[in-house]
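What follows is a single structure, written as C-alpha cells, with notes after it.
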Amino acid sequence: MSIARSTVCSTQVLGASRLYRPIEAVLFNTTSPQQPLKALYLGAFHGDEPESAHVLLRLITWFKSRPEATQGLPIAIVPFVNPDGYALN
C-alpha cells in the first residue's frame with residue numbers, strides 16, 4: 001500500500017497501525033501535516049468500505065498530473081487511516 005513518491009508531492013509516515021502497517025500522508029505544497037492546511041482528506045476508516053481510499057488514490061494521481069490544481073494550496077491526503085482493516089478485507 002505504499003504510495004509512490006513524486007516531485008509534485010511528498011509522502012510522510014504519520015505513524016503505524018496496531019499491526020505495524022504505516023499510516024502515510026501525501027503532502028502537496030507543504031512539508032508537514034502539522035502546518036496549516038487548506039484541505040485534509042482522510043479515507044478508509046472502515047476496512048469493509050474501501051471506496052474512500054480508492055477515490056483518494058485517484059485524487060492523488062490527478063493532483064500529480066495537474067500540479068497547477070494545487071499550486072499554493074497546502075493539502076494533505078491520508079488514503080488509509082485504517083490500513084489494517086483495509087488489508088484484512
Side-chain angles (χ1 to χ4, degrees):
M1 278 188 305
S2 184
I3 302 160
R5 303 204 188 291
S6 164
T7 58
V8 176
C9 62
S10 62
T11 303
Q12 181 177 353
V13 176
L14 303 177
S17 68
R18 287 182 152 213
L19 297 177
Y20 307 103
R21 290 184 174 91
I23 299 171
E24 297 179 315
V26 178
L27 307 173
F28 292 88
N29 303 306
T30 184
T31 57
S32 170
Q34 286 78 31
Q35 292 177 344
L37 300 169
K38 289 290 182 186
L40 170 64
Y41 298 95
L42 303 170
F45 280 90
H46 306 284
D48 61 343
E49 299 171 354
E51 293 82 6
S52 61
H54 298 166
V55 168
L56 291 181
L57 290 172
R58 290 187 70 184
L59 182 62
I60 291 166
T61 301
W62 192 83
F63 281 162
K64 285 180 180 180
S65 69
R66 293 170 184 82
E68 69 280 0
T70 63
Q71 188 172 7
L73 299 173
I75 297 170
I77 302 175
V78 183
F80 303 98
V81 172
N82 177 6
D84 295 340
Y86 182 85
L88 297 172
N89 282 295

Measure across [X] and [Y] and return the closest heavy-atom pair with its distance rounded to 0.1 Å.
X	Y	value
Pro79	Ala53	O-CB, 3.4 Å
Phe63	Val8	O-CG1, 4.2 Å
Pro36	Pro74	O-CG, 3.6 Å
Leu19	Leu88	CD1-CD1, 4.2 Å

Same cluster or not: [X] versus [Y], using hydrophobic residues (I, L, V, M, F, W, Y) connected whenever any side-chain heavy atoms lie under 4.5 Å apart?
X	Y	result
Tyr86	Phe45	no
Trp62	Ile77	yes
Val26	Leu42	no

(request) Please indicate whether Arg58 has more than 12 foreign heavy atoms, meaning atoms of other residues, nucleotides or ligands, lying under 6.0 Å from its CZ. (result) no
(message) Could you check whether atom CD of Gln71 has more than 12 heavy atoms from other residues, nucleotides or ligands sitting under 6.0 Å from it?
(response) no
Rounded to the nearest 0.5 Å, what separates atom [atom1] in [X] from atom [atom2] in [Y]?
X	Y	atom1	atom2	answer
Asn29	Thr70	CG	OG1	4.5 Å
Ile60	Phe28	CD1	CZ	6.0 Å
Leu73	Lys38	CG	NZ	7.5 Å
Arg18	Asn82	CZ	CG	10.5 Å
Ser52	Leu57	OG	CG	9.5 Å

(request) Please step through side-chain contact (heavy atoms from CB on, under 4.5 Å) for the pair Tyr41 and Leu56, ending with a clear verdict. (result) CA-CA 8 Å; Tyr41 298 95; Leu56 291 181; 3.6 Å; yes
(request) Check whether any side-chain N or O of Thr30 sits under 3.5 Å from a backbone N or O of Leu27 as a donor-acceptor pair, and report yes or no. (result) no
(message) Is it the case that the side chain of Asp48 and the backbone of Asn89 share a donor-acceptor pair, with hydrogens and angles ignored and the cut-off at 3.5 Å?
(response) no
(request) Kindly determine whether Glu24 and Thr11 satisfy side chain to side chain donor-acceptor pair (under 3.5 Å), including the steps that lead there. (result) CA-CA 7 Å; Glu24 297 179 315; Thr11 303; 5.9 Å; no
(message) Quick one, Phe80 with Ile23, criterion side-chain contact (heavy atoms from CB on, under 4.5 Å). Give me CA distance, side-chain angles, the key distance, then yes/no.
(response) CA-CA 7 Å; Phe80 303 98; Ile23 299 171; over 6 Å; no
